Amino acid sequence: MLKAREVKPDIYWVGAIEWNERYIHGFTMPGGSTNNAYLIVDEQVALIDTCTPGFEDELLGRIADVIDPARIDYIVSNHGEKDHAGSIEAVLAAAPRAKVVTSSPQGLKVLRRYCGTDREFLAMADGDELSLGKRTLRFIHTPMVHWPDNMVAYCPQDRVLFSNDAFGQFLATSQRFDDEAGPDLALACAKKYFANIVMPFARQTAKAVAAVRGLEIDLIAPAHGVIWRSAIEEILDCYEAWCALEPADAAVVAYASMYGSTGRMARTIAEAFMAAGVKVRLYDLQVSDISDIMTEVMDARWVALGSPTHNKTVLPAMGQFLTYLKGLAPQGRCGIAFGSYGWAPSGPAEIAEVLQGAGFQVPLDPLTAAWDADDADDRRLCQAISDLLGRPAQQGR
Ligand code: FEO
């Protein structure tokens with residue numbers, strides 16, 4: 001028997017817990033995910049967002065715990081990505097008189113593809129309101145958090161912000177609030193989510209955060225993860241800081257190695273950063289989670305990436321990471337390419353090229369070692385990093 005959870009009087013969480021989901025467009029989710037939907041029971045009944053296809057029965061089952069789904073008057077689609085809009089058709093089948101509410105013009109473009117061009121939508125401009133009876137929903141456009149169509153819905157009477165992707169976390173849990181799951185866990189999951197989903201749109205996200213900053217908020221109810229109740233100021237402060245993309249005095253060294261030479265170079269480079277007092281994380285891409293690495297890249301001023309030349313290019317694990325990095329393209333960082341080679345250093349050269357294309361400053365020529373890196377290569381790498389940082393190695397660290 002599926003249960004809804006009342007999160008404010010007559011406002012219910014009716015989402016789907018995706019306990020065994022592990023992957024969404026490159027982001028690995030070892031802790032699963034949650035697609036949140038919310039039911040507001042007023043003189044008119046509104047459903048805020050739906051869920052991923054395949055979870056329609058869970059969504060409708062939780063709604064049925066509160067009301068007959070046929071009573072739904074409005075399906076508010078804050079965002080057309082399928083994890084939120086993918087069950088609109090199933091809800092419409094159960095609630096045939098419901099009207100679909102979306103942003104104009106971008107939401108209309110998406111939903112007309114999903115729901116057909118002959119369907120009538122209620123299209124909301126930025127600032128438009130929808131009366132439910134005792135309550136109103138005010139729609140605030142938040143383009144690019146995470147698609148052009150995104151909007152959030154604010155209910156001033158209950159002081160609830162239905163924020164869709166913004167402030168979300170990928171986390172499957174039976175707990176619905178941040179204080180139940182633990183604010184530290186919620187904030188850590190929110191940071192990983194920001195680094196892997198929101199970071200390319202940091203400038204637009206800063207505008208969205210500014211737009212909601214002045215609202216009186218008791219709950220931020222995102223479409224993923226737990227509801228913010230106890231750490232509202234903290235998550236808003238974090239978003240403001242993350243949107244600034246200001247790196248710390250930290251380095252990420254990530255590599256793929258064939259017979260150990262590039263791995264040795266990676267450890268030497270990591271030691272050189274450590275000797276200069278820089279906080280370092282070192283990752284072997286062949287055994288590491290690229291989503292975890294991107295979370296560290298968000299904080300890092302220096303990102304050193306290494307692969308040997310393999311078939312004139314890089315090893316597959318590095319190729320995958322470069323594709324992911326190119327898409328997320330964190331700005332304001334410095335990239336370093338390195339790797340060993342046999343006949344031509346085209347692997348490290350390709351890394352440097354991708355880093356430049358992704359917006360990294362690349363101040364050094366690729367650091368390379370012919371065949372097996374040796375002690376002389378170690379000394380050369382350490383000197384290159386020391387020169388780059390302008391800091392001599394610290395003794396005794
Ligand atoms: Fe959670 Fe952009 O969808």
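Just the heavy atoms: all of them, side chains too, but no hydrogens, waters or symmetry mates, feed the values below. Please read these numbers as outputs of a predicted model, since none were measured by experiment. Ligands are counted one by one from 1 in listed order, and the atoms in each one are counted from 1 as well.
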Exceeds 12 heavy-atom contacts within 6.0 angstrom, atom CD of Gln286: yes

Atom pairs and distances, donor-acceptor, side-chain atoms in residues 12-19, under 3.5 Å, two or more places apart:
residue: Tyr12; atom: OH; partner: Glu6; partner atom: OE2; Å: 3.4
residue: Trp13; atom: NE1; partner: Asn36; partner atom: OD1; Å: 2.7
residue: Glu18; atom: OE2; partner: Thr52; partner atom: OG1; Å: 2.8

Close side-chain approach of Gln44 to Arg71, heavy-atom, < 4.5 Å: no

Identify which one of Trp242, Tyr239, Tyr193 satisfies the ring-ring contact (aromatic ring centres under 6.0 Å, His included) criterion when paired with Phe167. Tyr239

Protein-derived N, O or S atoms lying less than 2.8 Å from atom 1 (Fe) of ligand 1, waters not counted, sum to 4

Whether over 12 other heavy atoms sit under 6.0 Å from Lys82 NZ: no

Is the closest side-chain heavy-atom distance between Met144 and Asn150 below 4.5 Å? no

